[in-house]
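Note sheet for the following structure.
The sequence lines fix the lettering, A, B, ..., with proteins before strands; numbering per chain opens at 1.
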4 protein chains.
Amino acid sequence: MRSDEQRPLGRPRASDQTQPTTESITEAATQLFTKNGYQTVSVNDVAKQCNVTKATIYYYFPSKAELFTETMVQMMIRIRKRINAMLHEPIPLKSRLYNITKTHLSATVDIDINGFMKGTTHTLSPEQLERINKAEMDMYQSIEQVFTHAMEQKEIREINPVFATHAYLSLLKVGNYNNEKQAKIYDSIDEMAEQIIELFWEGVQIKES
Amino acid sequence: MRSDEQRPLGRPRASDQTQPTTESITEAATQLFTKNGYQTVSVNDVAKQCNVTKATIYYYFPSKAELFTETMVQMMIRIRKRINAMLHEPIPLKSRLYNITKTHLSATVDIDINGFMKGTTHTLSPEQLERINKAEMDMYQSIEQVFTHAMEQKEIREINPVFATHAYLSLLKVGNYNNEKQAKIYDSIDEMAEQIIELFWEGVQIKES
Amino acid sequence: MRSDEQRPLGRPRASDQTQPTTESITEAATQLFTKNGYQTVSVNDVAKQCNVTKATIYYYFPSKAELFTETMVQMMIRIRKRINAMLHEPIPLKSRLYNITKTHLSATVDIDINGFMKGTTHTLSPEQLERINKAEMDMYQSIEQVFTHAMEQKEIREINPVFATHAYLSLLKVGNYNNEKQAKIYDSIDEMAEQIIELFWEGVQIKES
Amino acid sequence: MRSDEQRPLGRPRASDQTQPTTESITEAATQLFTKNGYQTVSVNDVAKQCNVTKATIYYYFPSKAELFTETMVQMMIRIRKRINAMLHEPIPLKSRLYNITKTHLSATVDIDINGFMKGTTHTLSPEQLERINKAEMDMYQSIEQVFTHAMEQKEIREINPVFATHAYLSLLKVGNYNNEKQAKIYDSIDEMAEQIIELFWEGVQIKES
DNA sequence: CATGAATGAGATTTCATTCAT
DNA sequence: GATGAATGAAATCTCATTCAT
């Protein structure tokens with residue numbers, strides 16, 4: 001179809017292979033879904049973004065809902081891994097959180113699950129909702145565990161670890177807000193991260209009486 | 001569900017009016033949009049919820065986008081007023097925040113603007129986006145002012161008031177999370193509010209050196 | 001509703017009365033229908049143009065189709081009268097036709113019945129179509145008679161008078177074309193009229209053998 | 001009319017294809033639009049006429065306006081070609097015009113552009129209007145050139161060729177009128193054509209003084 | 001006399017999905 | 001493995017029309 005760029009004969013070299021189709025699709029889907037939400041993004045949008053046709057997507061995924069589910073779950077698994085790695089470095093908890101914060105603020109994808117789940121409840125099957133939910137929970141769990149551990153070590157004060165986790169992640173989103181709106185709160189990611197950690201850390205620190 | 005109360009053509013008799021139609025529409029729209037987001041909710045959904053037809057909605061609002069915009073703006077104005085009133089009671093800032101938190105957690109509507117704005121950027125006109133944006137900013141501003149004032153009064157530590165505002169509101173959303181998911185973090189709203197305020201307050205308090 | 005322009009008390013003076021409502025409606029309708037055709041013009045368009053509401057139009061006319069029919073018929077009656085008057089002045093036929101042509105070219109309304117009747121066949125009732133048809137025929141008839149008479153007087157050659165009529169009116173429309181398109185054929189109405197009559201007259205003249 | 005030949009989902013089998021779908025669509029559209037005008041004809045009407053669904057039409061044409069534009073332009077190109085061919089046969093101009101007239105009167109499609117353009121100005125984009133306009137102009141141009149040439153050859157008298165063109169086409173439409181109304185002017189197409197050419201030719205002939 | 005409120009039917013358009021190739 | 005062609009269902013929006021006031 002693109003006759004101007006004739007492909008040479010023979011098996012293409014490995015380096016020429018850019019990416020298996022499934023991956024291009026998932027990648028495009030991740031980007032679009034997290035940015036615009038489930039309803040707004042059409043299967044065609046995803047197809048265009050990765051230069052295939054709608055039908056190709058249906059060759060790999062049985063439905064839009066499934067594509068979304070898979071995409072979301074995979075994304076959360078990736079995020080969990082990334083967080084997990086940083087969560088177990090041999091440095092003080094505050095520093096670990098600081099690093100995670102910085103990494104997250106520089107990442108393009110958003111962690112605001114609730115945001116792009118808006119309005120999927122009626123469309124996704126219970127089983128799919130459950131899978132996403134599980135992935136989300138898993139993502140939180142390692143953080144919760146770290147908080148629980150830190151509490152035992154008296155590194156932080158007595159606090160519901162689930163609450164602490166959500167409070168922390170919630171504050172992370174303030175950083176995302178920073179990116180989207182025209183009026184930035186802080187100029188640099190570093191400063192933003194520092195302020196977030198500062199507030200959170202004071203909030204969960206052991207109170208000196 | 002429809003045929004039991006088939007409304008006749010033409011103008012309805014004046015007698016049994018309980019609420020002006022515009023209000024029923026806005027009310028239904030607020031509920032649906034905040035719960036499910038812009039794209040998911042169809043004009044027909046709104047119509048059904050308030051027992052009128054699609055056409056009636058288009059009689060009052062020129063387009064879905066405009067209905068959404070109006071609804072969001074009005075909602076934010078209401079929230080701002082409510083917050084504003086509580087923000088200026090003659091009690092310590094921490095108590096005022098606690099009250100706001102409690103009120104907000106018991107309210108049905110959500111403050112997670114970013115959430116239901118997902119995917120509206122392509123659909124709403126720049127002018128509409130701007131209106132919503134302004135209403136959002138206005139909503140934040142009074143909180144910002146209170147923080148600025150509190151800083152001057154040495155009630156809280158030196159901190160960017162915009163950041164403080166967003167951090168506070170972000171933590172509020174942890175409460176909404178509490179409502180939606182099956183696994184509640186805390187059983188009572190009071191406890192939830194206490195924990196939120198506790199964390200936030202420690203985070204912004206003047207540090208004793 | 002327009003509080004800035006308070007109407008004085010008492011019965012308004014006769015001169016203040018601008019026009020009976022029916023007439024404003026017919027006038028507006030004539031303008032819009034002839035310019036844009038039946039389907040394109042909504043009842044609301046007509047209402048706006050004459051500063052009343054849709055309901056008012058329905059107070060005077062039972063349906064859009066009827067409004068259209070009435071409007072068209074009245075318009076054709078007016079045109080017929082105008083043509084008729086000029087058709088019986090005591091001057092040579094060629095001059096009479098020239099005058100009619102000039103008058104018609106300066107008039108705003110269009111005589112291209114077929115044009116704005118496009119697509120009304122399915123919408124108008126047979127009876128309404130018939131009324132319009134009759135008015136159209138009546139409009140033509142007086143011209144036909146004049147041609148028949150002229151033939152008897154050997155003022156023009158033997159020719160089917162119905163054909164002559166339509167040929168003449170057809171040529172008239174060339175003038176309307178002149179108005180609408182950007183590239184005018186002739187600058188002045190006079191010149192246009194002259195050329196039309198010249199061509200037509202030569203075409204129907206008695207051939208000198 | 002629908003249920004007897006319920007077409008299954010998906011791509012149809014290749015075997016029994018008589019005509020590419022695009023062509024069926026354009027054909028149906030040409031017929032309907034020229035007969036009933038833009039506004040009256042719904043996309044569904046076109047779809048039904050060529051036994052596909054609305055969605056299929058939108059698969060090939062991005063909008064109704066575009067379908068209309070394409071249809072009109074293609075039709076005018078076809079007409080132009082047909083006229084052009086006859087316009088350059090090596091016979092006297094009067095005979096060529098006679099042939100064109102006869103052919104046109106037997107054709108089903110109408111040349112009355114203004115007629116089915118009624119009310120499209122507000123709906124079509126300027127670019128679409130421009131395309132149609134250009135096709136129309138192109139259609140006229142070859143006729144104009146022939147008249148200009150004939151004038152130089154003293155085959156016809158001095159006359160504005162644009163005017164002559166429109167006058168000729170206008171007279172052609174008298175023939176269409178003949179077809180539509182119940183009361184025919186002449187019984188046979190041949191006679192109609194003769195009369196039209198007779199009138200026109202006398203009208204543009206060199207005057208013997 | 002005139003209008004505001006409401007509706008039913010239908011128009012245009014989008015989109016997830018299917019299927020033969 | 002990938003795609004072009006086609007569709008059904010639904011969404012947004014328009015409009016002629018009705019009716020109580």
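- The phosphate of E/dA2 has neither OP1 nor OP2 within less than 4.0 Å of any side-chain N or O from C/Thr56.
- Looking at C/Gln128, its side chain does come within 3.5 Å of a backbone N or O of C/Ser125 through a donor-acceptor pair.
- Between the P atom of E/dA16 and the CG atom of A/Leu32 lies a distance of 12 Å, rounded to the nearest Å.
- In this structure, the nucleotide among F/dA6, E/dA2, F/dA2 sitting nearest to the side chain of A/Thr21 is F/dA2.
- Taking atom NZ on B/Lys48 and atom C1' on F/dA10, their separation rounds to 11 Å, with Å as the unit.
- Residue B/Asp45 contributes atom CG, which lies 7 Å from atom P of F/dA11 at whole-angstrom precision.
- A distance-only check finds a donor-acceptor pair linking the side chain of C/Thr34 to the backbone of C/Gln31 [under 3.5 Å].
- A straight line from CD of D/Glu66 to C1' of E/dT12 spans 15 Å, rounded to a whole angstrom.
- Of the two residues contacting DNA chain E, namely A/Asn44 and D/Gln39, the nearest-nucleotide position lying further toward the 5' end is that of D/Gln39.
- Across F/dT18, F/dG8, E/dG8, the shortest atom-to-atom separation from the side chain of B/Ala55 is found for E/dG8.
- For C/Tyr58, whose side chain is taken as the heavy atoms from C-beta onward, the closest listed nucleotide among E/dT12, F/dT18, F/dT12 is F/dT18.
- Separating the CZ atom of D/Phe68 from the P atom of E/dT12 is a distance of 13 Å, rounded to the nearest angstrom.
- Nucleic acid contact class of C/Tyr60 (heavy atoms, under 4.0 Å, all strands): sugar-phosphate only.
- Nucleotide E/dT14 is matched to F/dA9 when pairs are restricted to Watson-Crick or G-U wobble geometry with both distances under 3.5 angstrom.
- Distance alone, capped at 3.5 Å, places no donor-acceptor pair between the B/Thr120 side chain and the B/Thr123 backbone.
- The backbone N or O of C/Glu130 lies less than 3.5 Å from no partner atom in the side chain of C/Asn133, so there is not a single donor-acceptor pair.
- One finds no side-chain N or O of D/Ser63 lying less than 4.0 angstrom from the OP1 or OP2 phosphate oxygen of E/dT12.
- With both pairing distances under 3.5 Å, F/dA20 is matched to E/dT3 as a Watson-Crick or G-U wobble pair.
- Here D/Tyr59 does not reach the OP1 or OP2 of F/dA6: none of its side-chain N or O atoms lies under 4.0 Å away.
- When atom types are taken as modelled, the side chain of B/Lys118 and the backbone of A/Tyr38 share no donor-acceptor pair closer than 3.5 angstrom.
- Relative to the side chain of B/Ser42, the nucleotides F/dA11, E/dT13, E/dC15 differ in distance, and F/dA11 lies closest.
- Put simply, the side chain of C/Lys54 and the base of E/dT3 share no donor and acceptor less than 3.5 Å apart.
- Rounded to whole angstrom, the span from the CG atom of D/Leu124 across to the P atom of E/dT12 amounts to 13 Å.
- In this structure, CD1 of C/Ile57 is placed 10 Å from P of F/dA16, rounded to the nearest angstrom.
- Note: CZ (A/Phe33) to C1' (E/dA16) measures 12 Å, nearest angstrom.
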